[in-house]
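Here the structure is laid out as structure tokens; the discussion comes afterwards.
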Amino acid sequence: MAKKNFYITTPIYYPSDKLHIGHAYCTTVADAIARYRRLVGDNVLFVTGSDEHGQKIQRKAEENGLSPLEYVTGIVENFKLLWEKLGISYDDFIRTSEDRQHKTVQYFFQKLYDQGDIYKSVYEGKYCTPCEAFWLERQLVDGKCPDCGRPVEDMQEESYFFRMSAYADRWFKFIEENPDFIQPASRRNEMINFVKQGLEDLCVSRTTFDWGIPVPFDSKHIIYVWFDAVINYITAAGFMDDREKYKTFWPCDIHLVGKEIVRFHSIIWPVMLMAMGEPLPKKVYGHGWLIVEGDKMSKSKGNVVDPLLLIEEFGADAIRYFLLREVTLGQDGNFSRDALINRINADLANDLGNLLHRSVSMIERFNQGVIYKAEELTQFEEQLRELVKETVATYEQHMDNLEINEALKAVWALISRSNKYIDETGPWALAKKPGGKGRLDTVLYHLAEVIRVVAVLTSPFMPVTSKKIFDQLGLPNPEAFVLSDAQRWAVIPSGTPIAKGEPIFPRIEIKEDTVEEPVKPAAKKPAEQSAVEEVTIDEFARIELRVARVLAAEKVEKADKLLKLTVDIGGAERTIISGIALHYQPEELVGRDVVMIVNLKEAKIRGIASRGMILAASDGEGRLQVVEAPGMAAGSKVK
RNA sequence: GGCGGCGUAGCUCAGUUGGCUAGAGCAUUCGGUUCAUACCCGAAGUGUCCGGGGUUCAAAUCCCUGCGCCGCCA
């Protein structure tokens, strides 16, 4: 049978900042799907990348004294590092700054211009000079810039426009003929609703910055973000430079995207392709967001979770498992440290890890470390084998429907059944029983086989773990895991020596309250801020926060981290000790208006009475910044 | 404001076209087991299915309404 070709993409991420757990989630899902398709035997192209152009990047690069490309390259290296640590098996990493992308975008632009789908006109809007940003009337807040709140002025800019309006009917027709194009269905309905209000032409060029792809025939115009970004998907498929590859992989099977960009992928991008006469992707899947401790993740809330730290602490496979098992694709999912540890302990350590460990232990102890094939069957073996068959079938069905967490559920039901099987058959009793050898071998063989099947099935989700399992079972690691191995039974040759190892997932012991560090109140890593108890507004009100002006600051002798501050809290002076000396020189604090807890119980630090504590934000990676309220009168209440 | 969705056990959620005694996992309690990572197996639960009306022999499920939360509206 000819191999099926399968092309899946993640969004290309914007390298203005570090990637957070949400990006890791999306890419992990894509990776799991890509690995599953390879497991099934498909010929897979899995592409991720970076969306490097735009004004924001240009400005950040300038701030750092770098060229945009230099600036962005450093960040992209970090992207790749994260993907490596997370075990992402991408086939291609496309950067929009690459030549192949420039060529493709300009080709698109030129062709659409030549056929009249792109035209030059005037973009009218409100312009915020400090932000260098255009806004539409309806985006303004009280008539002012929604970003900075400053006044805006009328502005006109010559721009190129893409004639989207001409394609609404064709888009509807396409959606009707391809009801599964946008998933989940709720997103589809939103998009239909959106287009029903009519499609406007889209502004696709800007003249306010130059870090980007120029309009081929009008170089003072830069092709604007979405237009130049989405084209990456077709560039990476070889549209310009490898027609053979293009024919193989385009149209794309799945664009996996966050729900916030479904519109660009399910309306603008298909319409662009229609205009170009190219085939449309088969599916746009909008996944949900990760909610952190009940809150949307955002920089301003300071609850951004760094996936690299998590990987270091728990291992990539555990993180991958959590994301894939806990979250239903298409819905928002909850991320919390407690839930993560709970999953690791319950599912990975207790169920799977312990199943493997107790099985190889018994093979070692009762059978001198050798797996023997035997067939003294009872109803228990029959039931177990029956469930194996069912599990592989349900697994396939769920994976084909992108119900990854359901597929995992099915595998874990099998793991559970296997633990029960041990109880039912009692190998330790068989080992003592005269004449029990045949039964014992049978049971241990069935255990080894089930675990082998489990390792194959979980390989798209936990590739490193699958290999570890094979190692411990004494099986050679295959070049690539294949699903047909899970569909076959009795693969392990009789006489296979196992190689028992350490438990593959150690239990995570939850530490009781970490020791208080009065000097470094804000030094907890964001990832450790889980399990925070809720407080009422009244409880919060007991903490009196005030603006304090720093009058004097000096280092505390024989202490690297401590500063002694004298502050004015509105008519009264206080002396406090603060553990911020590594981050601030004493003199740069003087005159600042900081936020302070004034009713903190007095503490003696290095012999000095400290009455109060100033607030500081820290990210667990060594950065720290005191919380300020510049210009507020000393003593102002903060709440 | 317009359109759409959601509200089920302490927690996270499943409940297909109305037909159960309303379920699963985790957490909790109790019992068993000793191969195993205080693990595994078994048992026990607990529910105004958001509130109030209505349709029906029958409503978590359909209709109306109130409350709360969420999404989309370039």
Side-chain angles (χ1 to χ4, degrees), chain A residues 123 125 134-139 161-162 164-165 168 182 184-204 224-226 258-264 266-268 271 286 288-289 291 294 296 322 325-328 330-336 338-367 380 403 405-406 408-410 412-413 415-432 440 443-444 447 500-510 531:
Chain A
Y123 183 93
F134 277 99
W135 301 104
L136 293 170
E137 191 78 47
R138 59 174 167 261
Q139 293 176 300
F161 285 82
F162 173 47
M164 294 244 296
S165 55
I182 305 170
S186 54
R187 300 283 156 212
R188 175 176 182 264
N189 295 336
E190 284 174 7
M191 293 308 115
I192 290 172
N193 227 318
F194 178 82
V195 179
K196 269 187 187 158
Q197 296 164 40
L199 281 178
E200 289 172 21
D201 290 349
L202 183 73
C203 174
V204 291
Y224 190 53
V225 278
W226 281 104
K259 62 181 182 182
E260 75 283 6
I261 52 174
V262 167
R263 204 178 71 222
F264 299 101
S266 63
I267 300 174
I268 299 176
V271 168
W289 289 346
I291 307 298
K296 272 187 205 168
F322 176 84
R325 171 65 184 80
E326 189 84 6
V327 184
T328 301
Q331 296 184 1
D332 288 353
N334 291 302
F335 179 91
S336 78
D338 285 355
L340 171 64
I341 291 177
N342 199 28
R343 280 277 171 217
I344 292 175
N345 281 346
D347 297 0
L348 298 181
N350 294 352
D351 293 349
L352 173 59
N354 188 47
L355 173 65
L356 172 68
H357 197 245
R358 68 197 297 214
S359 299
V360 292
S361 289
M362 287 190 285
I363 292 167
E364 189 168 81
R365 219 164 123 177
F366 305 143
N367 254 9
F380 297 127
E403 293 156 349
N405 60 338
E406 294 295 330
L408 277 163
K409 256 186 221 171
W412 254 257
I415 290 169
S416 235
R417 185 65 187 79
S418 306
N419 273 318
K420 184 174 176 172
Y421 171 73
I422 296 179
D423 259 48
E424 289 168 339
T425 53
W428 52 91
L430 294 173
K432 288 183 202 145
L440 178 65
V443 170
L444 296 180
L447 280 174
K500 183 183 169 187
E502 291 302 305
I504 48 175
F505 290 103
R507 276 182 69 84
I508 309 213
E509 299 308 329
I510 300 156

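Numbers restart at 1 for each chain; the letters A, B, ... are given by sequence-line order, proteins then strands. On a predicted model such as this, the values are computed, not experimentally measured, just so you know.
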Where the side chain of S361(A) is concerned, which of U34(B), C40(B), A36(B) is the nearest nucleotide? A36(B)

Looking across every strand, which nucleic acid part, if any, lies under 4.0 Å from F366(A) by heavy atom: base, sugar-phosphate, or nothing? sugar-phosphate

Using a heavy-atom cut-off of 4.0 Å across all strands, would you classify E364(A) as base, sugar-phosphate, or nothing? nothing

Taking the minimum atom-to-atom distance to the side chain of A349(A), which one of U37(B), C40(B), A74(B) wins? U37(B)

Between C35(B), C26(B), U37(B), which one does the side chain of P503(A) approach most closely? U37(B)

What's the closest nucleotide to the side chain of F194(A) if the choices are C35(B), C41(B), C73(B)? C73(B)

Side-chain atoms of R187(A) come closest, of C26(B), C72(B), G42(B), to C72(B)

I'd like to know if R417(A) pairs up with E424(A) as an ion pair, taking the criterion as any Lys NZ or Arg NE/NH1/NH2 lying under 4.0 Å from an Asp or Glu carboxylate oxygen. yes

Under 4.0 angstrom, heavy atoms only, what part of the nucleic acid is L199(A) near: base, sugar-phosphate, or nothing? base

Dump the intermediate steps for side chain to side chain contact (heavy atoms under 4.5 Å, CB included) on E326(A) and N334(A), then the final yes or no. CA-CA 8 Å; E326(A) 189 84 6; N334(A) 291 302; 5.8 Å; no

Same-atom distance (P) from G47(B) to A22(B), integer angstrom: 11 Å

Heavy atoms from C-beta onward define the side chain here; which of A36(B), C40(B), G25(B) lies closest to that of H357(A)? A36(B)

Taking the side chain of N350(A) as heavy atoms from C-beta outward, which of C26(B), C40(B), A14(B) is closest to it? C40(B)

Could you tell me whether G198(A) contacts a base, only the sugar-phosphate backbone, or nothing, with contacts defined as non-hydrogen atoms closer than 4.0 Å? base

With a cut-off of less than 4.0 Å, is there a side-chain N or O of N189(A) near OP1 or OP2 of G5(B)? no

Tightest non-hydrogen contact, residues L355(A) and N419(A), listed as CD1-OD1, 3.4 Å

Any side-chain heavy-atom pair of L447(A) and R358(A) under 4.5 Å: no

Using a cut-off of strictly less than 4.0 Å, decide whether R188(A) has a side-chain nitrogen or oxygen near OP1 or OP2 of C72(B). no

What's the closest nucleotide to the N334(A) side chain, out of C13(B), U37(B), C40(B)? C13(B)

Closest to the side chain of K420(A), out of C41(B), A74(B), G71(B), is C41(B)

Looking only at side-chain atoms of S416(A), point me to the closest of U34(B), C26(B), C41(B). C41(B)

Heavy atoms only, 4.0 Å cut-off, all strands: where does R507(A) land among base, sugar-phosphate and nothing? base

Is the phosphate of C11(B), meaning OP1 or OP2, less than 4.0 Å from a side-chain N or O of S336(A)? no

Is any side-chain N or O of R263(A) closer than 4.0 Å to OP1 or OP2 of C73(B)? yes

